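Note that ligands are numbered from 1 as they come in the structure, with each ligand's atoms numbered from 1 the same way. These numbers come from a predicted model, not from an experiment. Note that the numbering runs from 1 along the sequence shown for the chain.
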Amino acid sequence: MQAIRVHEQGGPEVLRYEEVPTPSPGPDDVLVRLDASGVNYVDIYQRMGLYKMSLPYTPGSEGAGTVAAVGPRVRDLRAGDRVAYCGALGAYATHAVVPAARLVTLPAAIDTERAAALMLQGITAHYLCHSTYPLKAGETALVHAAAGGVGLLLVQMAKMLGARVLATVSTDAKAALAREAGADEVILYAERDFEPEVKRLTGGRGVQVVYESVGKTTFERSMNCLAPRGYLVLFGQSSGPAPEIDPQILQWKGSLFLTRPTMGHYIATREELLARANDILGWAASGTLRVRIDRTFPLAQAADAHRALESRATAGKVLLLPG
Ligand SMILES: NC(=O)c1ccc[n+]([C@@H]2O[C@H](COP(=O)([O-])OP(=O)(O)OC[C@H]3O[C@@H](n4cnc5c(N)ncnc54)[C@H](OP(=O)(O)O)[C@@H]3O)[C@@H](O)[C@H]2O)c1
């Protein structure tokens with residue numbers, strides 16, 4: 001089989017395309033022949049060294065394809081089943097061994113490319129607006145990088161819940177996509193300060209929640225956009241890590257809540273994984289939720305996929321396809 005291997009952390013050039021032995025599944029595992037692998041920002045953090053990794057490793061935490069073989073204790077899956085998953089390392093490859101408990105069987109209406117595009121960012125958007133801060137009809141949310149992979153899905157889900165969505169994006173083209181996804185107001189935050197804009201758009205009251213994925217360049221002003229007892233949900237850092245803060249600041253700025261969630265804790269049980277996955281795949285199958293695949297790259301060109309995502313050039317999902 002072919003895989004992208006990382007032998008030392010660094011720039012995109014450390015992503016090397018190699019021939020490696022095809023692994024056999026352990027007793028509770030499944031060997032999946034991948035049709036598509038999702039590229040996510042976390043893959044960049046791991047590659048750069050922001051997160052510690054044991055080397056060498058195969059990047060990628062999300063994929064979809066067909067079951068090629070199952071371990072002896074796996075009962076509910078068999079060769080040929082179409083499956084998708086997220087949260088298991090090793091997806092930048094033609095094949096991956098995945099614990100059976102992480103796999104979701106795909107409905108007939110969803111092809112494997114769309115499934116690979118939906119799993120990680122879709123489940124993230126789902127837990128953010130249904131569990132971390134469950135949005136209610138009539139509330140207002142601020143979504144940064146609203147034309148990103150998570151962003152476009154989060155805007156749609158927030159609208160499904162009846163919230164008003166204020167969105168930030170860097171370009172006019174991204175603004176059009178955020179509006180198409182349902183954003184009520186779009187702010188070009190690379191051109192103008194979003195903080196006074198949010199205050200103006202909320203009549204000075206502020207928003208109930210900020211879904212904050214940009215980090216360094218937006219974090220402090222995001223806090224200033226919140227209504228008293230509002231939630232700052234810091235779930236990413238695409239511009240760099242958020243600054244350290246004194247907890248007292250949460251009192252001064254209105255008895256605010258700050259949380260730093262990560263997907264693993266919101267799909268910790270099989271039941272929770274299936275509930276979220278069934279929601280997003282069902283919505284996608286019925287056309288209620290649209291997933292935008294921005295571009296695909298051959299697996300061997302994983303480095304170019306990283307360059308595209310890092311350079312802020314993408315809007316929606318980036319996928320790797322085995323050659
Ligand atoms: N905690 C979790 O469970 C979880 C799960 C999934 C993703 N995440 C995080 O969510 C964030 C978004 O992930 P994603 O995969 O959907 O990526 P993405 O939003 O598609 O891409 C990142 C976007 O961030 C914006 N951005 C602002 N400043 C930037 C900068 N200096 N450099 C690069 N981008 C910048 C860009 O949008 P504009 O051009 O519009 O500014 C860019 O397109 C990432 O930080 C990721 O780690 C967290």
Side-chain angles (χ1 to χ4, degrees), residues 12 37-48 50-51 59-62 86-87 91 116-133 142-157 166-179 181 183 186-194 210-219 221-222 232-242 258-268 272-273 276 280 291-295 305-320:
S37 313
V39 177
N40 291 287
Y41 234 92
V42 66
D43 309 343
I44 293 172
Y45 305 144
Q46 291 170 341
R47 188 211 73 215
M48 286 163 58
L50 199 61
Y51 294 167
S61 300
E62 174 182 46
C86 61
L118 256 178
M119 286 296 287
L120 195 147
Q121 292 168 338
I123 285 176
T124 299
H126 189 285
Y127 84 69
L128 289 172
C129 65
H130 291 87
S131 303
T132 309
Y133 181 82
L142 174 62
V143 176
H144 286 308
V150 176
L152 285 173
L153 297 167
L154 183 53
V155 170
Q156 293 176 74
M157 288 184 210
L166 314 185
T168 62
V169 296
S170 65
T171 66
D172 287 328
K174 288 186 176 186
L177 292 171
R179 276 200 195 91
V186 183
I187 304 164
L188 291 173
Y189 63 171
E191 285 172 18
R192 57 172 62 184
D193 189 349
F194 66 87
V210 181
Y211 294 110
E212 166 63 89
S213 66
V214 173
K216 188 175 176 180
T217 58
T218 51
F219 179 81
R221 283 174 295 145
S222 290
L232 182 51
V233 177
L234 174 68
F235 71 98
Q237 48 197 12
S238 45
S239 70
L258 169 64
T259 180
R260 200 328 181 170
T262 193
M263 184 184 66
H265 296 129
Y266 286 85
I267 49 169
E272 201 171 13
L273 167 67
R276 296 193 198 284
I280 59 168
V291 55
R292 182 173 196 275
I293 298 176
D294 181 88
R295 57 190 90 179
H306 276 210
R307 288 186 190 102
L309 188 57
E310 276 177 295
S311 68
R312 230 167 153 164
T314 63
K317 190 69 196 178
V318 178
L319 289 178
L320 298 177

Q) Hey, is ligand 1 close enough to G151 that some N/O pair sits below 3.5 Å? A) no

Q) N/O of V150 under 3.5 Å from N/O of ligand 1, yes or no? A) yes

Q) Does an N or O anywhere in Q237 fall below 3.5 Å from an N or O of ligand 1? A) yes

Q. Should T217 be counted as touching ligand 1, given the test is an N or O pair under 3.5 Å?
A. no

Q | Top protein contact for atom 46 (C) of ligand 1, by heavy-atom distance | A | Y41 CB, 3.5 Å

Q: Please confirm whether A145 comes within less than 3.5 Å of ligand 1 when only nitrogen or oxygen atoms on both sides are compared.
A: no

Q.
Are any of the N/O atoms on F235, whether in the backbone or the side chain, positioned under 3.5 angstrom from an N/O atom of ligand 1?
A. yes

**Q.** Residue part near ligand 1, for E310, under 4.0 Å between non-hydrogen atoms
**A.** backbone

Q: Indicate whether any N or O donor in one side chain lies under 3.5 Å from an N or O acceptor in the other, for Y266 and T132.
A: yes

Q) Do any N/O atoms on K174 end up under 3.5 angstrom from N/O atoms on ligand 1? A) yes

Q: Say whether N40, considering both its backbone and side-chain N or O atoms, lies within less than 3.5 Å of an N or O atom on ligand 1.
A: no

Q: Measure the acute angle between the ring planes of H126 and H130, then classify it against the limits of 30° and 60° as parallel, tilted or perpendicular.
A: parallel

Q: Could you establish whether Y45 and ligand 1 come within less than 4.0 Å of each other, counting only heavy atoms on the residue side?
A: yes

(Q) Closer than 4.0 angstrom, basic N to acidic O: yes or no for D294 and R292? (A) yes

